[in-house]
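Values reported hereafter were calculated over all heavy atoms of this structure, with side chains retained and with hydrogens, waters and symmetry mates removed. All figures in this text were calculated on a predicted structure; none of them were measured in a lab. Start at 1 with the first residue, then count along the sequence.
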Amino acid sequence: MYARTLDKEMSGSIIATRREVADLAGVSEATVSRVLNGVGPIKEETRIRVLDAANQLGYVPSNLARSFARRKSGNIGVVLPYIPKARLFSSYYFSEILSGMGNTVREQGYDLLVLFRSGEETPEYESFFRMQKVDALVVLGAKDEPGEREALRKLRESGHPFIVVNQHFDGENFPEVDVDHEEGSRMAVEHLIDQGHRRIAFLNGPLTYSNSLDRFKGYEKALQQRGLERDDRLLFEGNFGRRSGYAIGDEIAKRIEEVDAVFVANDRMAVGLLQRLRELLPDQHRFPAIVGYDDSDSADICVPPLSSVRVPFYEMGELAARLMLTACEGPSNGSEVLKEHPRYLLQAELIVRDSSK
């Protein structure tokens, strides 16, 4: 009987069932379910027999069945900000982090459930768990605002597993995966100083994001370490979008005699800035040196190729997903796995190209 089943499966006409696995292993269907889903105590001899039978038959349990066996949804939720008309999934930042997360959770039989929140609403993250939509939650694009802090405090108090990516909340001790943006920025500005530049402008993002504050600290630290004073007239703020960098280009062009170089908080703004300066300053010799941040795909193909600080976004997504999977498979209070080491800090790397030489 099993030879026929295997022959049919190889021909693509039939898929093995849990009952066939149970018959071949000489156990009940319930035992097969417990072995394949890692539920309850099982003798090692029995576990091996079931796994061997499943391998012989090519049996793959459905995600739905696994979810029922685990009494979980089988979903790792990821919260993204809802920004009308913004192409979030085409941005290097979100696409890299989501790719790292998605590949990691799929390897463990979970799915990634994307959830949007409006910036005008107070987040209700706990409701995703109450409605049994997710087993763990990854929060992306969070801002340091009272409503956000309160929502994350409720998650922490309830014991639901969650982690915040690329955002730090001073004084809260939330579980986080982040990058040392202060050091990344310090390296970028130090590089510009090493090239002989002294009047270095800084185009930052909104200060409601901790990584913007960290980049400012790094910018300031590099100047201080080299004995240079900060000139607040050379500080600019955009919104991380290309258009905001393009718009700031007008301001920098007006002060071009005061500016040797520009450090930009992300590549999208840097590309917009380069585009506008090329339009306004046809004399290429008057161009300031420019260093971006993220080392996105556009950094290598823009004109001139953009020096940038490489941020391991994909690895951040992988790590956040692994931590949440560990929490899901751990004790009922999954957040316990993050209490001893709540903050994971990855390192950035400076990539030098023609724009800063």
Side-chain angles (χ1 to χ4, degrees), residues 179-207 209-296 298-300 302-311 348-357:
V179 167
D180 191 346
H181 295 294
E182 181 176 335
E183 176 60 15
S185 298
R186 190 201 62 77
M187 289 189 298
V189 178
E190 183 178 70
H191 161 68
L192 290 170
I193 296 171
D194 287 342
Q195 301 302 303
H197 305 302
R198 295 296 179 267
R199 296 169 298 180
I200 302 172
F202 180 29
L203 171 51
N204 201 3
L207 295 181
Y209 296 106
S210 64
N211 49 79
S212 294
L213 291 168
D214 289 341
R215 279 191 277 262
F216 178 75
K217 291 175 183 176
Y219 167 80
E220 196 169 44
K221 180 184 287 187
L223 295 179
Q224 290 174 348
Q225 288 177 345
R226 295 303 184 89
L228 300 176
E229 291 188 9
R230 188 185 80 208
D231 185 346
D232 289 347
R233 295 174 302 170
L234 301 183
L235 300 179
F236 304 90
E237 182 176 315
N239 64 5
F240 290 128
R242 183 191 62 82
R243 291 182 180 179
S244 70
Y246 184 91
I248 297 297
D250 290 277
E251 295 299 317
I252 291 179
K254 291 176 186 176
R255 307 181 194 181
I256 195 62
E257 298 300 334
E258 306 171 30
V259 176
D260 296 332
V262 187
F263 171 48
V264 189
N266 79 335
D267 289 348
R268 296 179 77 183
M269 291 194 297
V271 169
L273 174 64
L274 275 168
Q275 180 185 355
R276 187 56 173 159
L277 290 180
R278 282 200 305 270
E279 294 171 357
L280 297 174
L281 304 173
D283 182 0
Q284 298 295 312
H285 295 293
R286 298 181 64 208
F287 251 58
I290 296 178
V291 175
Y293 205 95
D294 292 346
D295 194 37
S296 61
S298 60
D300 207 19
C302 72
V303 180
L306 181 67
S307 294
S308 188
V309 177
R310 178 173 294 167
V311 179
E349 176 188 4
L350 176 64
I351 307 298
V352 177
R353 299 187 179 93
D354 289 346
S355 70
S356 65
K357 292 180 181 178

Using 0.5 Å steps for rounding, measure from the [atom1] atom of [X] to the [atom2] atom of [Y].
X: Leu273; Y: Ile290; atom1: CG; atom2: CD1; answer: 4.5 Å
X: Leu277; Y: Asp250; atom1: CG; atom2: CG; answer: 9.0 Å
X: Glu279; Y: Leu274; atom1: CD; atom2: CG; answer: 11.5 Å
X: Arg242; Y: Arg276; atom1: CZ; atom2: CZ; answer: 11.5 Å

Ion pair Lys221/Glu182, N-O distance below 4.0 Å: yes

Partners meeting ring pair (Phe, Tyr, Trp, His ring centres under 6.0 Å) with Phe202 (sequence neighbours left out):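 In terms of ring pair (Phe, Tyr, Trp, His ring centres under 6.0 Å), with neighbours along the sequence ignored, Phe202 is linked to Tyr219, Phe263.
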
Those residues that, when tested against Phe236, pass ring pair (Phe, Tyr, Trp, His ring centres under 6.0 Å) (two or more places apart): none

From CA spacing to verdict: side chain to side chain contact (heavy atoms under 4.5 Å, CB included), Val189, Leu223: CA-CA 8 Å; Val189 178; Leu223 295 179; 4.2 Å; yes

Taking only residues two or more places apart in sequence or in another chain, which ones pass side chain to side chain donor-acceptor pair (under 3.5 Å) with [X]?
X: Glu349; value: none
X: Arg353; value: Asp295, Asp300
X: Ser298; value: Ser296
X: His197; value: none

Tyr209/Asp214 under side chain to side chain contact (heavy atoms under 4.5 Å, CB included): CA gap, chis, key distance, verdict: CA-CA 9 Å; Tyr209 296 106; Asp214 289 341; over 6 Å; no

Min side-chain heavy-atom separation Tyr293-Arg215 under 4.5 Å: yes

4.5 Å side-chain heavy-atom contact, Ile200 and Leu234: no

Can a donor-acceptor pair be found, under 3.5 Å and without considering hydrogens, that links the side chain of [X] to the backbone of [Y]?
X: Ser244; Y: Gly241; result: yes
X: Ser212; Y: Asn204; result: no
X: Asp267; Y: Ala270; result: no

Any residue meeting side-chain contact (heavy atoms from CB on, under 4.5 Å) with [X], in chain and number order, not counting sequence neighbours:
X: Ile256; result: Leu281, Arg286, Pro288
X: Val352; result: His191, Ser307, Leu350, Ser356, Lys357
X: Glu220; result: Phe216, Gln224, Arg230
X: Lys254; result: Glu251

For Glu237, all residues meeting salt bridge (charged side-chain N to carboxylate O under 4.0 Å, His left out), sequence neighbours excluded: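 With neighbours one apart ignored, the set is empty.
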
Working for side chain to side chain contact (heavy atoms under 4.5 Å, CB included), residues Ile248 and Met269: CA-CA 9 Å; Ile248 297 297; Met269 291 194 297; over 6 Å; no

How close do [X] and [Y] get, heavy atom to heavy atom, and via which atoms?
X: Ala289; Y: Leu192; result: CB-CD2, 4.0 Å
X: Leu280; Y: Ala253; result: CD1-CB, 3.7 Å
X: Gly218; Y: Ser185; result: CA-CB, 4.0 Å

Inter- and intrachain pairs under salt bridge (charged side-chain N to carboxylate O under 4.0 Å, His left out), touching residues 188-200, at least two apart: Arg186-Glu190, Glu190-Arg226, Asp194-Arg226, Arg199-Asp260

Residue pair Val264, Val291: steps toward the side chain to side chain contact (heavy atoms under 4.5 Å, CB included) verdict: CA-CA 6 Å; Val264 189; Val291 175; over 6 Å; no

